[in-house]
Each structure stands twice: as C-alpha cells, then as structure tokens.
Amino acid sequence: MFKSNFKNNSNILLIIEKFQPLIKKYSKRLFYEEAESDLTIFLLELIKKIPNTENERVITSYIAKSIKNEFIRLNKKQELISQKEVATELDKLKYISENNIDLDIKIDIKNALKSYLKSNEKLLNIGYY
C-alpha cells in the first residue's frame, strides 16, 4: 500500500484516513481554524518525499514523526504571531495617555457627564439638595 502505490489516489486517501486521528489531535492543540487543513496539506506534500522502502512500519513511523515535527513548527509560529499581536496592543495602549484620550472615549465621557448632570438638575429642581 505504501511507496510503490502512491500514484493511486485511493491509496493516498487511505493514508490520509489512517493519519486523520493524529492530524485531528494536533490540530485541536494548535487552536486556530486552518490547523487541520495545514496538517493535511503537509501530509500530502510529505507523501511525495517518503524514502524508498517497502517496510510499512518504517514509513508509518516516518509520517507520524514528521506530522509531530510540523505540529511543533506550526505551534512556534502561532506563538510568535500571538506575541506580536500582544506587543501591538500594548503599543496602542501606551500611545493613549491622559492627554491623548481616544475620541470615542471622550464622547462617552461627555455623554455620561451630561446624563449625570441632567439627573442632578432634576433633583435640584425638586428640592432634594
């Protein structure tokens, strides 16, 4: 079923089905939507590069280790992306200072003050103060 029959699409589907549980396991641990697709595409590309041997155990082990290594690579890539996103958000927060408040925040504060003042004016007119 392995190296000699890779040109057959049905055998490629069998290989994908065989490693689907492993791909699902690692894709769930990657926490991004396209992880399963990325690992499946990696498997398809890996099939072309499998060493010449008819020993099914060797090939199975090679594929499993390769998928694990791809998981590790993708995981590191996701961590770098997350770190950059957090750094970008921190830079945005540093930019907003006491003197440089975002326009939306200024509008919200003005509306809250107007609402507060109107309710106090009503209380003053009634004579509660």
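Positions are given from 1, in the same order as the sequence printed here.
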- Item | With Phe42 via ring pair (Phe, Tyr, Trp, His ring centres under 6.0 Å) - residues at least two apart | none
Return the [atom1] to [atom2] distance between [X] and [Y], rounded to the nearest 0.5 Å.
{"X": "Glu56", "Y": "Ile63", "atom1": "CD", "atom2": "CD1", "answer": "9.5 Å"}
{"X": "Ile12", "Y": "Ile47", "atom1": "CD1", "atom2": "CD1", "answer": "5.5 Å"}
{"X": "Glu34", "Y": "Ile41", "atom1": "CD", "atom2": "CD1", "answer": "10.0 Å"}
{"X": "Tyr62", "Y": "Asn55", "atom1": "OH", "atom2": "CG", "answer": "14.5 Å"}
{"X": "Leu30", "Y": "Leu74", "atom1": "CG", "atom2": "CG", "answer": "5.5 Å"}
{"X": "Asn11", "Y": "Lys18", "atom1": "CG", "atom2": "NZ", "answer": "12.0 Å"}

So, do [X] and [Y] sit near enough that their side-chain heavy atoms are less than 4.5 Å apart?
{"X": "Ile16", "Y": "Ile23", "answer": "no"}
{"X": "Phe31", "Y": "Gln78", "answer": "no"}
{"X": "Tyr32", "Y": "Asp38", "answer": "yes"}
{"X": "Asn75", "Y": "Tyr26", "answer": "no"}

- Task: Look at Glu70 together with Arg73 and state whether they make a salt bridge at an N to O cut-off of under 4.0 Å.
- Result: yes
- Message: Using only atom types and a distance under 3.5 Å, with no angle test, would you say the side chain of Ser61 pairs donor to acceptor with the backbone of Arg57?
- Response: no
- Query: Is it the case that more than 12 heavy atoms not belonging to Glu79 sit under 6.0 Å from its CD atom?
  - Reply: yes
- Do you know which of Leu43, Thr40, Leu39 makes side chain to side chain contact (heavy atoms under 4.5 Å, CB included) with Phe19? Leu43
